[in-house]
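Okay, handing you the structure first.
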Amino acid sequence: MKYAKDSEYIVIRALEDGVQVIGLTRGTDTRFHHAEKLDKGEVMVAQFTEHTSAVKVRGKATLYTAYGEVESEGKK
Ligand code: TRP
């Protein structure tokens with residue numbers, strides 16, 4: 001069993017106000033369980049845990065992960 005404290009971190013850096021970082025539940029039921037709002041320049045450091053299997057980012061942000069960097073786009 002891999003524990004949350006050992007799991008990798010991702011870093012989300014908001015490039016505009018109101019970026020949402022949404023945590024999705026682990027298990028058969030995939031639903032939102034947490035939404036964090038970041039304003040421009042704010043950074044969130046998060047792990048994947050026994051409760052969180054996926055993260056959705058809404059808005060313009062840079063994500064730094066073990067797999068590289070990706071940029072999400074804001075709505076035009
Ligand atoms: N209580 C949540 C958990 O332990 C907190 C959390 C961890 C979270 N990683 C996240 C919330 C990523 C949103 C996005 O799973």
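What you see below is based on every heavy atom in this structure, not just the backbone, and it leaves out hydrogens, waters and symmetry mates. As the structure lists them, so they are numbered: ligands from 1, and atoms in each ligand from 1.
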### Task
Have a look at E36, M44, H33, K56 and point out the one with the heavy atom closest to atom 2 (C) of ligand 1.
H33
### Query
Any idea which protein heavy atom is nearest atom 6 (C) of ligand 1, and the distance to it?
T52 OG1, 3.9 Å
#### Entry: Partner of T52 by side-chain contact (heavy atoms from CB on, under 4.5 Å), out of H33, R26, Q47
H33
#### Entry: Cluster companions of Y64 among Ile, Leu, Val, Met, Phe, Trp, Tyr (side-chain spacing under 4.5 Å)
Y9, V11, V43, V45
### Query
Can you name the residues that form a salt bridge (charged side-chain N to carboxylate O under 4.0 Å, His left out) with E73, not counting sequence neighbours?
K76
### Message
Please report whether ligand 1 has a polar contact with Q47, defined as an N or O pair separated by less than 3.5 Å (distance criterion only).
### Response
yes
### Task
Give the contacting part of E50 toward ligand 1: side chain, backbone, both or neither, where contact means a heavy-atom distance below 4.0 Å.
neither
### E42/K37 salt bridge by N-O under 4.0 Å criterion
no
### Task
Check ligand 1 against T49 and write out every atom of the ligand that is under 4.0 Å from a heavy-atom position of the residue.
3 (C), 4 (O), 7 (C), 15 (O)
### Summary
The reported gap from OG1 in T62 to CD in E71 (rounded to nearest 0.5 angstrom) is 4.0 Å
### Message
Give me the nearest non-hydrogen protein atom to atom 14 (C) of ligand 1 as residue plus atom name, then the distance to 0.1 Å.
### Response
G23 CA, 3.8 Å
